[in-house]
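Chain identifiers are assigned alphabetically (A, B, ...) following the order of the sequence lines, protein sequences preceding nucleic acid strands; residue numbering begins at 1 within each chain.
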Amino acid sequence: MREITYLEAVREAMSQEMRKNDDVFILGEDIGVYGGAFGVTRGMIEEFGPERIRNTPISEAAIAGGAVGAALTGMRPILELQFSDFITIAMDQIVNQAAKLRYMYGGKGSVPMVLRTPAGSGTGAAAQHSQSLEAWVAHIPGLKVVQPSTAYDAKGLLKAAIDDENPVIFYEHKLLYKTKGDVPEEQYSIPIGKADIKREGKDVTVVATSIMVHKALEAAEELEKEGIDVEVIDPRTLVPLDEETIVNSVKKTGRLIVVHEAVKRGGFGGEIASVIAESEAFDYLDSPIKRLGGLPIPIPYNPNLEKAAVPQVPDIIDAVKETVRFK
Amino acid sequence: MREITYLEAVREAMSQEMRKNDDVFILGEDIGVYGGAFGVTRGMIEEFGPERIRNTPISEAAIAGGAVGAALTGMRPILELQFSDFITIAMDQIVNQAAKLRYMYGGKGSVPMVLRTPAGSGTGAAAQHSQSLEAWVAHIPGLKVVQPSTAYDAKGLLKAAIDDENPVIFYEHKLLYKTKGDVPEEQYSIPIGKADIKREGKDVTVVATSIMVHKALEAAEELEKEGIDVEVIDPRTLVPLDEETIVNSVKKTGRLIVVHEAVKRGGFGGEIASVIAESEAFDYLDSPIKRLGGLPIPIPYNPNLEKAAVPQVPDIIDAVKETVRFK
Amino acid sequence: MEKTLTLPSHITTEKLKDLYKQMWLIRYFDEKVDQFFAKGMIHGTTHLCVGQEASAAGAIAALQDKDKITSTHRGHGHCIAKGAETDRMMAELFGRETGYCKGKGGSMHIADLEKGNLGANGIVGGGIPLAVGAALTSKMKKEGYVVLCFFGDGASNEGSFHESLNLASVWDLPVVFVCENNQYGMSGPVKEMVNIENIAERAGSYGIPGKAVDGNDMVEIINTVYDAVENARSGNGPSLIEMKTYRWKGHSKSDAKKYRTREEEKEWREKDPIQRFKEVLIEEDILTEEQAKNLQEEAKQEIDDAVKFAENSPEPSTDTLLEDVYA
Amino acid sequence: MEKTLTLPSHITTEKLKDLYKQMWLIRYFDEKVDQFFAKGMIHGTTHLCVGQEASAAGAIAALQDKDKITSTHRGHGHCIAKGAETDRMMAELFGRETGYCKGKGGSMHIADLEKGNLGANGIVGGGIPLAVGAALTSKMKKEGYVVLCFFGDGASNEGSFHESLNLASVWDLPVVFVCENNQYGMSGPVKEMVNIENIAERAGSYGIPGKAVDGNDMVEIINTVYDAVENARSGNGPSLIEMKTYRWKGHSKSDAKKYRTREEEKEWREKDPIQRFKEVLIEEDILTEEQAKNLQEEAKQEIDDAVKFAENSPEPSTDTLLEDVYA
Ligand SMILES: Cc1ncc(C[n+]2csc(CCOP(=O)(O)OP(=O)(O)O)c2C)c(N)n1
Ligand SMILES: Cc1ncc(C[n+]2csc(CCOP(=O)(O)OP(=O)(O)O)c2C)c(N)n1
Ligand SMILES: [Mg+2]
Ligand SMILES: [Mg+2]
């Protein structure tokens, strides 16, 4: 299989679908000749033209609401929100409109749209451009929430998201854009709601999301040298969450660590930890569940500080050792 | 001591402070002669005049940002956001500005403002006017989050919030406005970050927030008849969270149930449950931690449906029994 | 019987009679709702458009069936004018299973997608971006419909208004923005919330036509909206129409109307849009007094029947609670 | 040496010379930053205002010391003009402990509260409501200062622009809104993002004065801003000034500038604001060629020193990570 980057995988998923389905189009800031802030749509306006690759004014509320209105009336818009931090401006349209219209209308209408947006720190863009706010949308009934960690997953999940009849918030991680992986050329779909065991192991389950999947895998390799066998599970989608895969893993390993980049306090890790603690897996737990997440601070600018603000490989290694050592 | 309503307690806290401190003022939609959507500021424009009781246009982003800018330059604004659901429109100013300015500026400046806002369901106002979104702001470093459940707490916590040098999100519950309680006439302050044990008990700890405190107390009374002794803890503030009080209680009872009205998935209950599970109290747990929260749906209009969407007294009773019965 | 009125050709004398009856339907509907709320027979809140019948009936009369509307919290009139069945509307207000939203939406969320009513909206300004999106669909799919977007004077101070009008303008979309200026928000007088004479002047910011009309004059409304809609349909882009009118009732169910005088109310009641329309129709020999009376009676009867239908309809089962969130 | 130029009285010939040097400081500062980014010596991103020196230096020259500004992501020029020390600015870009934000903020978050610079802002349009709030403080505390609020052409399409200008207008606040129209957002040409000739026309929506000026003409800028500021100071409320200018560099560090032509860039380089200002000063006998050269040299030297200061400053310790979140 061919290797392409995560960024190319996202672009390919969109391009292939747009070739087949005239209802799909993209709107967003600077997605035309500029190619978007991270270059994801580069080249697309040349192929699809400005009607389907719609450069918008800097008006996050209107473009989000515009996508909702277009979706409600028969289009399948993909909204590129330039940085996921800017969802703060589009929040009403996403949460009070997109997520709720169908329910409020008593089951009429649907809002088949995808909001794609880059999240996370590590680029030196500081506090207003580096957040991981997926916990907000995961809290809102009516939305689905996807966080691919690999090029392969990105392509397959984006296809599924575009095909979904509901609003899907699709988080891309800035630092993953340039990572490469094997990706089939043809279209394929990864079901939304299916976790992936990225590494099998028997001593401890690490549930990691987005970029933390890679850090967990790195940690696992280190730990293997010390004879600790880590299972790494990537939920891939937070809503719906594949509880079954995680429960089964914990029943096997008896230990659970949850890692995300988002601030730990109030992050989705609390949800995952609690769901497992409330499940049949509770009886199998040999040590307390551990959560790793960002510090309770805005993301700082200085690169050393920035790195120290979110979990890194050594933090995961330490957490695993502590968990495995318990009792 | 005199009995007044929760609503009157909120108003009194503001009025007393405004009489003493010229820097304190209120801004918000319809807070003038109309008295605010729920009547909280009724009579205040007559006492303090339109300069300090500032009726605003329907512009949630600008009024939130206006409060931030005023706070940064020496005022102590209280922003009344008409319904807490509308924070979706003010989110950028609260999250990207108010919460982060001081940190981004390297510890310079402060934003002493209070955003007061009514939350919760039960009034038939349906999906866009009934949410409990406190988990969002509790996830954001730089904000403090307060949720009083009684008239007494409302007055003392609001005084503390106004005195605080940081942005405080102060959630009032619509159904609590008319509830009464003993409230001292003089000013007093309840420290932000101190939980309150609303009822002592030895069999199970129920941590409940806002209106759920009352439902938990009702449940406790019922359960007492069956010989089950419930301790009810009201954290009162989510950020900072008084972990110590909860940990000590769980060490005593060995059982924990967390109840909030907000949607369970991704709600702050996951945080509380996880914090306790990660603490020294873990070893004392005799049964799995249980969370009760809203169903994963927008709040429906029909009163029966509306009630069924969030935890009620019988749900708490059932959860307690199940927990106590465990093993 | 020859018309000497200048009106669009699809406004036949039959249609004019229908419109007269429709205005009464709107008025009786909302009068009934008012009574039921006063008696506590309806849950939640409501916003009545008594006095504003012309802006709803007149503006929508200018449309073709395939055209769409977005509505507001004060949406009963728009909904009836766009062809909704009053019995299912009333059932919705009663929270019944037979209601437009199966009892899940209530007054602020009635939608009738089949008839092109994209829904009322509880968020002030929330529907404006949706209208832009629906217009985008029309343009991209060449569906030939125009979207009529209703909102209030208060809503014109929301950021969504600004962003949406700009977006519709630069994308040349077939949408007509209709500001129903009823002189107040909830309580805020437009004179204190806006520093210009006519909200229609705001069209200048977007390079689109803007026009203020007498919002209680059916003939002027129909003609003005018709021209704007057909202009939009021809590909000439959006425009903004302001209709000066007045709500006779309080903002919502509990409103002492302290923010305005009884004299002002009286003045506006004398500009009763139904009465004025009747005078035109009689003057033009389209209607006799007797026929007018009959139409009014028919309307009253329809609303009485709607109430019976609603009262006799079953409550939704709580089994439906979790349905309709996702498509 | 007599001035024949008409300028506000506080603009002495000394001040004019300072301003000339200041423009060079701004240019050299950003040229250096550009080089360091190209070499990968600075982390993150940056937005350079080379070519826009007049709008920063000229507008701020019109202020009194006690006046305040809010700035943007493209804020180095504003910051220098408001009196910041270039060494501490450069240190901030290097992420050093001696920087304005102790390395926590970076380019987009430099603030200098003591000098009245309320801060750059990473959120497009995010600073506009802050300016309104600061102006409210001035009015309520009778502090007599005016706030100058900078933002770009792109920002004028954000809802925050609309809400803020309206609010400032109805509250008659001492704030002057300055739109630096550099013809593009990140890539979006103002001509495609706005359907009017001058953004200044948007003042009409708020009943405030609006004026478009040549943003590369120091004299016109100083006089226009001075009049607006003194008008605001006298209690006559806000106004909007648009400065037509151009950014010579790309939007941020990686920008192929495909959205514009090299010819257009050349045309605008010929309108170099520094060169034009020099010509005026020489024409007016305020400066000789030689003096001009010296001032330019001094500026260059200051920036070279700033770089040395930054390079020699220590990195912040990760021990400071958790500090500065709360006051
Ligand atoms: C975003 C938002 N802010 C505030 C409210 C509360 N609210 C409901 S209706 C209303 C007044 C709206 O005024 P206008 O747009 O003039 O419409 P009218 O009620 O006069 O028809 C307000 C403030 C809301 N529902 N949504
Ligand atoms: C709310 C928001 N949307 C988008 C961006 C990304 N962004 C940063 S600068 C910029 C262009 C801003 O254009 P303009 O206001 O004209 O300022 P200029 O960069 O031209 O100085 C964009 C889109 C942002 N930082 N914030
Ligand atoms: Mg109104
Ligand atoms: Mg620009």
Could you give me the CA-CA distance, side-chain angles and deciding distance for D/Ile123 and A/Thr88, then say whether side-chain contact (heavy atoms from CB on, under 4.5 Å) is met?
CA-CA 10 Å; D/Ile123 300 295; A/Thr88 46; 5.5 Å; no

Checking A/Asn55 against D/Met193 for the side-chain contact (heavy atoms from CB on, under 4.5 Å) test, could you report, in this order, the C-alpha distance in whole Å, the side-chain angles of both residues, the deciding distance, and whether it holds?
CA-CA 9 Å; A/Asn55 247 349; D/Met193 297 303 160; 4.2 Å; yes

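Considering all non-hydrogen atoms of both residues, D/Leu93 and A/Tyr301 come closest at O-OH, 2.5 Å. Counting all heavy atoms, side chain and backbone alike, D/His43 lies closest to A/Gly122 at CE1-O, 4.5 Å. The minimum heavy-atom distance between D/Gly105 and A/Ala126, with the atom names listed, is O-CB, 3.5 Å.
The contact between A/Ile297 and chain D is made by backbone and side chain atoms together, counting heavy-atom distances below 4.5 Å. Neither the backbone nor the side chain of D/Glu192 comes within less than 4.5 Å of any heavy atom in chain A. In this structure, no portion of A/Phe83 lies under 4.5 Å from any heavy atom of chain D. Residue contact with chain A, scored on non-hydrogen atoms closer than 4.5 Å, involves the backbone and the side chain of D/Met186 alike. Contacts of D/Asp324 with chain A are absent, with no heavy-atom separation under 4.5 Å from either backbone or side chain. Only the side chain of D/Tyr326 has a heavy atom closer than 4.5 Å to any heavy atom of chain A. For A/Ala308, the parts lying under 4.5 angstrom from a heavy atom of chain D are both the backbone and the side chain. Neither the backbone nor the side chain of A/Glu29 comes within contact range of chain D; no heavy atoms are under 4.5 Å apart.
The choice from D/Leu321, D/Thr45, D/Val325 that makes the most heavy-atom pairs within less than 4.5 Å of chain A is D/Leu321. When D/Cys101, D/Gly122, D/Ser160 are compared by the number of non-hydrogen pairs under 4.5 Å with chain A, D/Gly122 comes out ahead. Highest contact tally toward chain D, considering only A/Ser130, A/Pro303, A/Ser59, is held by A/Pro303 [criterion: heavy-atom pairs under 4.5 Å].
With hydrogens and angles left out, the side-chain atoms of A/Asn302 and D/Glu97 include no donor and acceptor closer than 3.5 Å.
A/Ile58 contributes atom CD1, which lies 7.5 Å from atom CG of D/Asp153 (distance to the nearest 0.5 angstrom). Atom CG of A/Leu305 is separated from atom NZ of D/Lys102 by 11.0 Å, given to the nearest 0.5 angstrom. Residue D/Lys258 holds its NZ atom at 10.5 Å from CD1 of A/Ile45, rounded to the nearest 0.5 Å.
Between A/Tyr34 and D/His251, the two ring planes are perpendicular [angle over 60°; tilted spans 30° to 60°].
Annotation: A/Glu3, atom CD; neighbour count of heavy atoms from other residues, nucleotides and ligands within 6.0 Å is above 12. Within 6.0 Å of NZ on A/Lys180 lie no more than 12 heavy atoms contributed by other residues, nucleotides or ligands.
No side-chain heavy atom of D/Asn157 sits less than 4.5 Å from a side-chain heavy atom of A/Thr56. Contact annotation: the side chain of D/Pro316 never approaches that of A/Asn304 to less than 4.5 Å [non-hydrogen atoms, C-beta and beyond].
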